[in-house]
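Single-structure report; data block below.
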Amino acid sequence: MSGYRGPMRVLSGIQPSGGMQLGNYLGAIRKFVELQHQYECYYCVVDMHAITVWQDPEKLREQTFHIAASYLAAGVDPNIATVFHQSAVGAHAELAWIFNCVARLGWIDRMTQFKDKAGKDKERASVGLYTYPVLQAADILVYKATHVPVGEDQKQHLELSRDIAGKFNHDFDADDFFPLPEPLIKGPGARIMSLRDGAAKMSKSDPSENACIFLSDDSDVIARKIKKAKTDSEPLPSEPKGLEGRLEAANLVGIYAALSGKPDADVLKEFGGQGFGAFKPALAELVVEKLAPISAELRRLEADPGYLQQVLRNGAERAAAVADPVVAEVKEIVGFLP
Ligand code: AMP
Ligand code: TRP
């Protein structure tokens, strides 16, 4: 973080582009809950990122509530952390524009998520999808956030945020104006894979409905998805080394480990030598046991949109009170008239 001396702050966001899934929970939200007691935390629902690919407006509103409700259901306390939706705080977009003029084309050209999401026909991707990581840097730096809890897939975007912060500080001779934000990635669950393909990450926008476990799935659906999960025909090994090259088996063991709080080695000590016929029901039981209280709370919160709206409105006000003065200072540094 070089010589930055401002307060330690945490920011992270999740897109309302579908339902909250197990990868989001293990890779991100679970960390949000732990961090809120240690740092000043800002957790947003990044609706402006979601529209970089087409979103039905009515669904977008619903999913924005759903993601906010999932934060709270998992244990984020809106009286401690600031919970809001990105589009309600205009400072994000203002800083993103300035950062578009700081970031270099060559940097953005290297972003692998754009290549994955745009696919072969990148001429038809939105311009927003291309500058998506620049907006992400603005989300983080508009609060001068020092720490960013995310899953492993966001590592490259975080490196870009650091590059943008560093170039801004350098170009404007504004030593340590922005911190160089640190990703918080480590820990079990940083990379949960699809139940249908051990080489693809679990994603809420996966077209196969059996690929992904949603927080809103009931216990029957969870058990069915795990039963149908792709595996090989070997029994589980008794040591982690035996999982090498067995992507699907490694993923299921990883999910069990992340949810139970045990290392892979302990899970394999218990299940080594057993086939998936025995392991899958045990995994399903554990997933249901851990997610059921969260999904019950999620349903309760979603039935009260008035309360959620109030949480988001309060959050946006608190967020803007921090972000607006940062943007005002940036505008002055850049040379805009007041
Ligand atoms: P997204 O759903 O793409 O907005 O992701 C929101 C957060 O969840 C980010 O911090 C991601 O890194 C994290 N995340 C998404 N999918 C996974 C996954 N399959 N495994 C671990 N973390 C994930
Ligand atoms: N790009 C992130 C994802 O898809 C979501 C995101 C947007 C984000 N802005 C952020 C994450 C700021 C951390 C900090 O997962």
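Both ligands and their constituent atoms are indexed starting at 1 by order of listing. Only this structure's heavy atoms are used, side chains among them; waters, hydrogens and symmetry mates stay out.
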Practice task
Pick out which of Gln21, Arg224, Lys225 makes a side-chain hydrogen bond (donor to acceptor under 3.5 Å, both in side chains) with Asp217.
Solution key: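 So, applying the side-chain hydrogen bond (donor to acceptor under 3.5 Å, both in side chains) to Asp217 and each of Gln21, Arg224, Lys225, only Lys225 qualifies.
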Practice task
Please identify which atoms of ligand 2 are closer than 4.0 Å to at least one heavy atom of Val148.
Solution key: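 The list of qualifying atoms is 13 (C), 14 (C).
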Handout entry: Under 4.0 Å to a heavy atom of Ile140 - the qualifying atoms of ligand 2, by number
Key =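 The list of qualifying atoms is 12 (C), 14 (C).
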Nearest non-hydrogen protein atom, [atom]:
atom: atom 16 (N) of ligand 1; answer: Gln21 NE2, 3.3 Å
atom: atom 21 (C) of ligand 1; answer: Ala190 O, 3.2 Å
atom: atom 14 (N) of ligand 1; answer: Asn24 ND2, 3.7 Å
atom: atom 19 (N) of ligand 1; answer: Ile192 O, 2.7 Å
atom: atom 15 (O) of ligand 2; answer: Gln154 NE2, 3.2 Å
atom: atom 3 (O) of ligand 1; answer: Gln15 NE2, 3.5 Å
atom: atom 23 (C) of ligand 1; answer: Gly23 O, 3.4 Å
atom: atom 1 (P) of ligand 1; answer: Lys204 NZ, 3.5 Å

Exercise for the section: Report the residues that fulfil side-chain contact (heavy atoms from CB on, under 4.5 Å) with Val53, sequence neighbours left out, ordered by chain and then residue number. Expected result: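 For Val53 the side-chain contact (heavy atoms from CB on, under 4.5 Å) partners, ignoring immediate neighbours, are Gln55, Leu129.
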Practice task
Report the residues that fulfil side-chain contact (heavy atoms from CB on, under 4.5 Å) with Gln310, sequence neighbours left out, ordered by chain and then residue number.
Solution key: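 Partners of Gln310 by the side-chain contact (heavy atoms from CB on, under 4.5 Å) criterion, ordered by chain and then number, come out as Asn314.
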Exercise for the section: For ligand 1, find out whether one of its N or O atoms is nearer than 3.5 Å to an N or O atom of Asp153. Expected result: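 There is such a contact, yes.
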Practice task
Compute the centroid of each ring, for Tyr71 and then for Phe32, and state whether the two points are separated by less than 6.0 Å.
Solution key: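 Yes, the ring centres sit under 6.0 Å apart.
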Exercise for the section: Compute the ring centroids of Tyr143 and His92, then answer whether they are less than 6.0 Å apart. Expected result: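 So the answer is yes for these two rings.
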So, regarding [X] and ligand 2 (criterion: nitrogen or oxygen to nitrogen or oxygen, under 3.5 Å), is there a contact or not?
X: Ser12; answer: no
X: Gln136; answer: yes
X: Gln113; answer: no

Exercise for the section: Provide the closest heavy-atom pair for Glu302 versus Leu308 in the form atom of the first, atom of the second, distance. Expected result: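 Minimum heavy-atom separation between Glu302 and Leu308: CA-CD1, 4.3 Å.
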Exercise for the section: Tell me, yes or no, whether the heavy-atom count around Gln274 atom CD, taken from other residues, nucleotides or ligands under 6.0 Å, exceeds 12. Expected result: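 It does: Gln274 CD has more than 12 such atoms within range.
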Problem - Enclosure of Lys155 NZ (heavy-atom neighbours >12, cutoff 6.0 Å) - result: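 Not buried by this count: 12 neighbours or fewer within 6.0 Å.
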Problem - Proximal ligand 1 atoms for Gln154, defined as those under 4.0 Å from one of its heavy atoms - result: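 With Gln154 as reference, the close atoms of ligand 1 come out as 12 (O).
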Taking the non-hydrogen atoms of [X], is any one of them nearer than 4.0 angstrom to ligand 1?
X: Leu26; answer: no
X: Gly18; answer: no
X: Met193; answer: no

Practice task
Classify the side-chain pair Asp77/Gln36 by whether it contains a donor and acceptor separated by less than 3.5 Å.
Solution key: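 There is no such pair between these side chains.
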Handout entry: Donor-acceptor contact present, side-chain Glu239 to main-chain Lys241, <3.5 Å
Key =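 No: the side chain of Glu239 does not pair with the backbone of Lys241.
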